[in-house]
Amino acid sequence: MTPHHSYRRNAGRPGRGRKRLFLTAFALLAAGFGLAPLDATPASAAPNLIANPGLETLDAQGEFPECFEKSGWGDNDYTYTVTDDAHSGARALRVDLTRRADGDRKAMMLENACAPQVTEGHQYDLSLWYKSTSPDVAMTLFRHDKTAGWVFWADLNTLPQSAAYARTEVRTPVIPPNTDQITWGAALYGVGSLTTDDYAMVDATVVPEPPADPCEGKGPECKGQWTVQSAQSPVRAIHSVLLHTGKVLLIAGSGNDRDAFAAGTFKSSVLDPVTGRYTDIPTPSDFFCAGHVQLPDGRVLVVGGNKDYASVDGTVGYKGLRTSYVFDPKLNKYLKVNDMLAGHWYPSATALGNGDVLSLGGLGEDAAGTVVNEHFSYAQNKWLPMGEAKQAWSFWGLYPAMILLQDGRLFYSGSHTFGVGLPGTGASVYDYEKGTITDVPGLRKKDERDQSASLLLPPAQDQKVLTAGGGNHTVSPDAHRLVDLIDLKAASPQYVPGPDLPQGRYKDGTFQKGAEGKVYLSAVILPDGKVLETGGALHTYREDPVFEASMYDPATNTFQPGLAADPVPRTYHSSSTLLPDGRVLSVGDNPGDGSFEQRVSIYKPPYFFKGARPKIMSVASQNWAYGSAQRITVDRPVVKASLIRPAAVTHSSDPNQRLVDLPMTVNGNTVDLSLTSNPNLAPPGWYMLSVVDAKGVPSVSKWVRIGPQGQVAAQRVQSYADELAAAPRTPGRAGHGDHGKKGPKAGVKLPEGYDGCDHAYGEVSACVPWKFPAKVPAADRCAWLKAKGYGVLDVRRDRHGLDRNKDGRACGKGDFRKG
């Protein structure tokens, strides 16, 4: 067979069919997954929305069931057979795969008038009878977008192998805006046979649709509520990591304090957000600006950190550590693992579908940009040696946002820290296994995405990424408010403009205007499927905080502006973290004068003020295998359930943040949740499970562990971004392409001022702007700095003319404009 890359169709049957509605009432058989059967027969029969549900009527050629088609993609050998081995009636449909390199084959409704009509905001119960000789079968769903046409939506559940006919049922997510039809069926993606019959689809919207959001006032039910905690953080919290215990690991290391580094004073603390208590943790090395990520067992891998601060004359930059540790929440202790291949300061850390971690970028032991990839093996609990860790010898920048995609590739969103973007378009797809890097177009102002916010939008199954805000003071004085979106399921994905960031006010009460936006902003996925955007500043040299928060809704692609704003400024070295009870923790602020904000704020989103919250009464198992169904009970009807990966965030960056949708099978207050069989959608580890009611109010989360070691299923991957694979660009440097066989390459020297700061004034940790705002005349720069909290500064090189009397002290008494 010749591979055919498309979302779903390989050989369709275009015959127009008559719609015939059938009333169905089936007793639900056990669908496997180790669960007892649910009594899912509706209280009253609802119309079956499927035309020709029993496959009894054949098309005009008499060869294939009317209103159904042969569909699929990939390199495989297959046959379709109309068989008399039916569950009921005279006919059923059988698909056989005798060889498979990739892809799948499906039996689904035609994408024409035969496809069932749906209503936005409703949910539908989909069911069919099947038997299969393969465990690799998934119920898959497509939707018709009124603008974009037919698009893949989601795999709803995985069907266990069954020699006899069994019935499976699953509820769709809420039908999103702009959707008028769906089509669905069972996909076979492993060698074997699949026979299906008696399809049914009924409207399951049994609760009233929620009214339009009435918020027009200023109450917390509209804006949420911030509370500044009475106890300050005992450490300069530059990094925050949510542990599966519900506590938060706050990492400072030396905390951007040169004196603390010289004294070897490195700090971490664990905050219990329920009691407000802190526990100091002995910290063996300077984890200031390290990378971090949760491992599948709940330990936290800490990647590199600060080997040395920049030299006092600013000619030598910061240096990265090769050392690495894991933090064990059970022991409240850091434990050393083996050293990495190179040093890393500001590295990324991305969890892979097999539980391993890939770390890229940052500065090395020589203060140059690191081009060495690091691969941590979870099974071996160690960093792999050269030759096993695959190399592209490409410099990815500092804290590059590397997001794991559903097929195992990595998406570099363009978000980074310091300096301009990478060569090319500024965003790309990196195939770590093949060593190819492919540019992705469309990102606006790619060289002004320093500490922008990027995240995989909820749900992860949609494979859409949002990149918001950012700046770069070496390029432009002010941060911008651009938001760009990309659908990575498209055949040729590219960024498209989204709605601009809402604007806020400055410390003096004046409001932003024109194109003024934010850098250092945080974006936090909430359990209701929306994204809280908060914090930030106008300038990348850590000044002019912006007091503003908004709520982004992926379903409508809109921001709700005017939420309550954190009363504490949150600029450089700030972070925000979702807590298991649905609150958001915000910490940190490190202005250019070297001070550090140690007040802690907690935000209650509006859903806290919209009535009682649904409750998860029980969870049958805390350990979830890929492709399984998991039973929970709730105290009232709910419309959706999801898993959220706990945060590990610093510098506006958490590339592992994601919400995974859990399709439901519902019987009253008993709900079976279907976990994806693809570990790339939900890398193994601990997640927060929550449910949401029809009013959009989420429950408090329960902790579950996905894919413990040894429980990784055969992954189910949908074809997408096919055209990207056709034209990869050559990675990085001379000697590329050896995939790690020749040893490390030299790093990339970063230009002076890459971080937007001129370190030739005062302490190296101080940040005098590399470029002053155009509205500040040269003679008034000292007055401007004084107003920002800067004092007298030693001068090693006076680029800005701040030492007017040439006494070696900038902005001293004789350096201000007179009169």
Side-chain angles (χ1 to χ4, degrees), residues 226-257 260-261 265-295 298-306 325-335 346 349 399 520 522 524 534-535 566 568-581 583-591 595-603 645-654 656-657 686 688:
W226 288 93
T227 304
V228 180
Q229 305 304 289
S230 58
Q232 295 193 11
S233 169
V235 303
R236 291 181 158 210
I238 289 170
H239 311 260
S240 58
V241 183
L242 179 61
L243 308 173
H244 74 279
T245 60
K247 299 178 181 179
V248 182
L249 174 64
L250 302 175
I251 302 175
S254 62
N256 201 15
D257 183 336
F261 178 82
T265 305
F266 310 133
K267 294 182 178 181
S268 302
S269 187
V270 170
L271 166 64
D272 185 336
V274 176
T275 66
R277 294 175 181 170
Y278 292 87
T279 302
D280 290 338
I281 305 297
T283 304
S285 190
D286 190 5
F287 298 148
F288 166 52
C289 296
H292 37 60
V293 63
Q294 290 92 343
L295 295 172
R299 295 177 300 150
V300 178
L301 178 67
V302 180
V303 182
N306 180 36
Y325 289 78
V326 292
F327 177 77
D328 190 331
K330 295 179 180 179
L331 303 174
N332 262 5
K333 186 177 181 179
Y334 290 103
L335 303 171
Y346 279 70
Y399 282 137
Y520 311 131
S522 293
V524 181
T534 182
D566 189 342
V568 179
R570 302 294 180 192
T571 66
Y572 189 52
H573 287 152
S574 66
S575 61
S576 295
T577 303
L578 176 69
L579 300 176
D581 63 3
R583 297 180 297 165
V584 176
L585 175 81
S586 289
V587 297
D589 178 53
N590 192 188
S595 64
F596 201 97
E597 176 62 72
Q598 291 180 233
R599 286 179 293 172
V600 175
S601 301
I602 291 183
Y603 179 65
R645 185 178 177 91
V649 59
T650 187
H651 293 76
S652 303
S653 179
D654 181 8
N656 300 289
Q657 184 178 195
W686 288 90
M688 292 178 283

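Note: hydrogens, waters and symmetry copies are ignored here, and every other heavy atom, side chains too, is used. Owing to the predicted nature of the structure, the values given are computational and were not obtained by experimental measurement. The chain is numbered in sequence order, starting from 1.
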Among all residues two or more places apart in sequence or in another chain, which pass the salt bridge (Lys or Arg N to Asp or Glu O under 4.0 Å) test with D589?
none

Return the minimal non-hydrogen interatomic distance between R236 and N256, and the atom names on each side.
NH1-O, 3.7 Å

Do L242 and M688 pass the side-chain contact (heavy atoms from CB on, under 4.5 Å) test, and can you show the C-alpha distance, the side-chain angles, and the key distance before you say yes or no?
CA-CA 11 Å; L242 179 61; M688 292 178 283; 3.7 Å; yes

Residues that R570 engages under salt bridge (Lys or Arg N to Asp or Glu O under 4.0 Å), provided they are two or more places apart
D566

Pairing residues for S522 by the side-chain contact (heavy atoms from CB on, under 4.5 Å) criterion, not counting sequence neighbours:
T534, S576

How many angstroms lie between NE2 in H239 and CG in D654, if you round to the nearest 0.5 Å?
13.0 Å

With sequence neighbours excluded, tell me which residues meet ring-ring contact (aromatic ring centres under 6.0 Å, His included) with Y520.
Y572

List the steps and the verdict of side-chain contact (heavy atoms from CB on, under 4.5 Å) for V568 and V228.
CA-CA 8 Å; V568 179; V228 180; 3.9 Å; yes

Separation of Q598 CD from N590 CG (nearest 0.5 Å):
10.0 Å

So NZ of K330 and CG of L243: to nearest 0.5 Å the spacing works out to 12.5 Å

Taking every non-hydrogen atom, the tightest pair across S285 and Y325
CB-CE1, 4.1 Å

Can you give me the closest heavy-atom contact between T650 and I238, atom names plus distance?
OG1-O, 2.8 Å

Smallest separation among heavy atoms of G304 and A290, with atom names
O-CB, 3.4 Å

Approximate separation, where rounding is to 0.5 Å, of L579 CG and Y603 OH:
14.0 Å

Here the pair of heavy atoms bringing A349 nearest to N656 is O-ND2, 2.8 Å

Just by modelled atom types, is the V241 backbone N or O under 3.5 Å from a matching donor or acceptor in the Q294 side chain?
no

With distance as the sole test, does S574 use its side chain to make a donor-acceptor pair with the main-chain N or O of T571 at under 3.5 Å?
yes

Can a side-chain donor-acceptor contact be found between S586 and S601 if the only test is distance below 3.5 angstrom?
no

Where the side chain of Q229 meets the backbone of T227, is there a donor-acceptor pair that is under 3.5 Å apart?
yes

Between K333 and P284, is any pair of side-chain heavy atoms under 4.5 Å apart?
no

Would you check if the side chain of N306 reaches a backbone N or O of D286 as a donor-acceptor pair within less than 3.5 Å?
no

Donor-acceptor pair, D280 side chain versus V235 backbone, under 3.5 Å?
no

S240 side, atom OG; L249 side, atom CG - distance, nearest 0.5 Å
9.0 Å

Quick one: list whatever passes ring-ring contact (aromatic ring centres under 6.0 Å, His included) with Y334, sequence neighbours left out.
F287, F327

All ring-ring contact (aromatic ring centres under 6.0 Å, His included) counterparts of H573, not counting sequence neighbours:
F288, H651

Nearest non-hydrogen partners of A648 and V293, listed with the distance:
CB-CA, 4.3 Å

Distance, nearest 0.5 Å, that separates OG1 of T279 from CG of D272:
8.0 Å

Taking only Lys NZ, Arg NE, NH1 and NH2, and the carboxylate oxygens of Asp or Glu, determine whether R583 and D581 approach each other closer than 4.0 Å.
yes

Begin with the C-alpha distance, continue with both residues' side-chain angles, and end with the deciding distance and a verdict on side-chain contact (heavy atoms from CB on, under 4.5 Å) for L250 and Y278.
CA-CA 10 Å; L250 302 175; Y278 292 87; 3.9 Å; yes

